[in-house]
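First the proteins, then the strands, lettered A, B, ... as listed; each starts at 1.
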There are 2 protein chains.
Amino acid sequence: MPEVTHNPVTPLPRGSGIREVARLAGVSIATVSRVFNDAELVNPETRQRVLERAATLGYEPSSLGRNLVRGRSDLLGLIVPNVSFPLYGEMISGIEDVLGQRGMSVLLASSHDEAASELLAAQHLLRHTVDGGIVVNSQFDAALPAPRSMNWIYVSPEHVKFPNRVELDNGAGGRLAARELLRVGRRHLAYIGAPGRESQDRERGFTDELCQAGLSYRRAGGDYSELSGTWAAEELLDNGAALDAIFVAGDLMAAGVLRALHRRGLRMPEDVAVVGFDDSPLAALLYPRLTSIRQPAYAMGAAAAELSLRLIAGLSAEAESVVFLPELVRRESTGPP
Amino acid sequence: MPEVTHNPVTPLPRGSGIREVARLAGVSIATVSRVFNDAELVNPETRQRVLERAATLGYEPSSLGRNLVRGRSDLLGLIVPNVSFPLYGEMISGIEDVLGQRGMSVLLASSHDEAASELLAAQHLLRHTVDGGIVVNSQFDAALPAPRSMNWIYVSPEHVKFPNRVELDNGAGGRLAARELLRVGRRHLAYIGAPGRESQDRERGFTDELCQAGLSYRRAGGDYSELSGTWAAEELLDNGAALDAIFVAGDLMAAGVLRALHRRGLRMPEDVAVVGFDDSPLAALLYPRLTSIRQPAYAMGAAAAELSLRLIAGLSAEAESVVFLPELVRRESTGPP
DNA sequence: TTGTATGCGTTATCAC
DNA sequence: GTGATAACGCATACAA
């Protein structure tokens, strides 16, 4: 655990508390508390008077005190690999929207896709006593630390060993891609994958569908980056064998594939059709617009948040997992503009 | 203020507290507290013993109690229009990295570029007693509520009336764009803008530079969306007058411009050169790769965080603002591939 | 160097 | 309906 430079202890000027409101309204602090919680239990007149004084003082119940006595912080920890990645942004929106309705907030931390900083992030969040946590695309090979009855929700397929997961049916995605490419009459297909279980599953689905059609395919590998997509595509093209369709494991890598095809003067989709994966906002901005397998990131985030909320409420101590189905989003790279 | 359904009050099972550690280590809770704070003031042996017991119990000081007594939460509120926008993602990274070093965390909320939900988000964050706050691209026309001595940092140029700002010199960006287009020999320029002060400033810089060169320019308007870029570009092209360069107020809108030019069979940069703004990750993925005016989002986020930290520490009660200079990032859309 | 005692702002359990 | 008062987990002034 690294040394954390703690800020100089300049206690913040405290606002007016429940006591001052009580004094001004001529009631006890207990009554003030009730006004802000179980509003029904208090005399309307008293209630009114308290509310007025509170307003003039600018008083709001401090969550600090409230949290202490309730033993919960109304905070949910969230670890994502990278905030700049639009897909994760959508996920965060889903989480946020669900939490907002319950008066809870998102405490954010980034893992940069590294196990070490993921652990650091988790400890960071734990120190703030989050009530629950969601970790997206965890790289940490063990369970994240979770004191008390705190629970982590894993959004990724890699952690079959952990109980609470939200995942995408990547195999189904691969099948969708294959069917689309067959539908537009392609027979010489290729897959550009990347390391990791997700790509494996996508490829397996892709393969299954091709087998059924009695077709073989070629393959090349990248690392989800644009450049690696370009290289992989060039490798396939240089090989010389016929090629009229490419399924790529990620949209960013697909952007690289499009670039390689542009360079060779190949037309899309006439000469080569391309299907990407994720349907990140990027897909619709590429040239040509990229047909992609949509990962319902917002819904997955929302589901993760709801799962976490249920766990926090103690409603389901049971392990629970949700599997989402991807969808084909058809665009120019496999069809007419 | 909308009704917020508060979660059923299932107090979380509490972990072992400072008392239990103290008992097991045979010391007082004060000593345990000291071990976790001013480590020097305590006997090495005692310290060791306490640390051991704490470890076996899995004890960590609860931030709930600590925050209450210190009157600070070590939380910084952050309001962004939209987490899915990569530029804001970079900003968040900058903020996060600065805060992480001080043991503070980011409490996230989205404004969706609406004044109403921005206010809601602010109240949401305030309820969690954040020590400070950063609001990116605020749409709220008054100052955000700020009880006690809490401060908001505004990251945007619209709020000259508020004291603490981090902003970009948009005028300088416009000048950079004009100079680049003149450098590559263009004489028939156009600007595609959008509502708001940012676009105005960018245009003014652009204009200044053109005036100096004795050139006039044409203009069209959009709303930062891709589609509006396409429309604006088509409007300019339909006009019939000569056109060999377009400066666009945002990268997303520039993507739409590129699409319009593709449709007309115009080559870039040979027929028309294009410069975007922001240099979001998207810029380098477009076809052709887009020359853009870089907004140093990471650095701006970091600066905002540092400013906020200084305010929280009470080091500078003074108003402070930081202005960043944009940079030209030259790519295919204005030069050779 | 360590222990005792107080208070931080709130909710909750009793009485009344 | 309302008021005392005891927690909640911790940091710290003061005493030892």
- Task: Please state how far atom CD1 in A:Ile18 lies from atom P in D:dT5, giving the value in whole angstrom units.
- Result: 16 Å
- Message: Nearest whole Å is fine: how far is D:dC10 C1' from B:Glu20 CD?
- Response: 15 Å
- Query: Is there a donor-acceptor pair under 3.5 Å between the side chain of A:Ser111 and the backbone N or O of A:Glu118?
  - Reply: no
- Message: Please tell me if B:Thr46 has a side-chain N or O lying less than 4.0 Å from either OP1 or OP2 of C:dT1.
- Response: no
- Task: Decide yes or no, distance alone: a donor-acceptor N/O pair under 3.5 angstrom between the base of D:dG1 and the side-chain of A:Arg47.
- Result: no
- Message: Checking A:Ser308 now: which residues fulfil side chain to side chain donor-acceptor pair (under 3.5 Å) with it, not counting sequence neighbours?
- Response: none
- Query: Base, sugar-phosphate, or nothing: which does B:Val32 touch, judged by heavy atoms less than 4.0 Å apart?
  - Reply: nothing
- Message: Assess, by modelled atom type and distance only, whether the side chains of A:Arg66 and A:Asn37 contain a donor and an acceptor separated by less than 3.5 Å.
- Response: yes
- Note on the structure: Result for 5'-nearest mapping on DNA chain C, choosing between B:Thr31 and A:Ser62, is B:Thr31
- Take atom CZ of B:Arg19 and atom C1' of D:dA11, then tell me their distance rounded to the nearest Å. 13 Å
- Which value, rounded to the nearest 0.5 Å, describes the distance between A:Leu119 atom CG and A:Glu114 atom CD? 12.0 Å
- Going by atom types only, do A:Asn137 and A:Ser156 share a side-chain donor-acceptor pair under 3.5 Å? no
- Query: Roughly, in whole Å, what's the span from CG in A:Asn67 to C1' in C:dT11?
  - Reply: 11 Å
- Take atom CZ of A:Arg34 and atom P of C:dC14, then tell me their distance rounded to the nearest Å. 14 Å
- Item | Parallel, tilted or perpendicular, as decided by the 30° and 60° cut-offs, for the rings of A:His128 and A:His124 | parallel
- Message: Is the phosphate of D:dA11 approached by B:Arg66 (side-chain N or O, under 4.0 Å from OP1 or OP2)?
- Response: yes
- Query: Could you state the CG-C1' distance from A:Leu64 to C:dG9, rounded to the nearest angstrom?
  - Reply: 8 Å
- For A:Ile29 and D:dA7, give me the distance from atom CD1 to atom P, rounded to whole Å. 15 Å
- Message: Heavy atoms only, 4.0 Å cut-off, all strands: where does A:Tyr59 land among base, sugar-phosphate and nothing?
- Response: sugar-phosphate
- Query: Between C:dT10 atom C1' and A:Asp74 atom CG, what is the distance in whole Å?
  - Reply: 13 Å
- Query: How is B:Ser33 classified with respect to the nucleic acid when contacts are heavy atoms under 4.0 Å: base, sugar-phosphate, or nothing?
  - Reply: base
- Item | Under 4.0 angstrom between A:Asn37 side-chain N/O and C:dT11 OP1 or OP2 | yes
- Of the candidate nucleotides C:dT2, C:dG3, D:dT2, which contains the atom at the shortest distance from the side chain of B:Ser28? C:dG3
- Task: Name the closest nucleotide to the B:Val69 side chain, picking from C:dT2, D:dG9, D:dG3.
- Result: D:dG9
- Message: Based on the rotation axes of five pairs at each end, what angle does the helix from C:dT1-D:dA16 to C:dC16-D:dG1 bend through, to 10°?
- Response: 40°
- is_close_aromatic(A:Tyr154, A:Phe140), centroid dist under 6.0 Å: no
- Going by distance alone, is a donor N or O of one side chain under 3.5 Å from an acceptor N or O of the other, for A:Glu96 and B:Ser110? yes
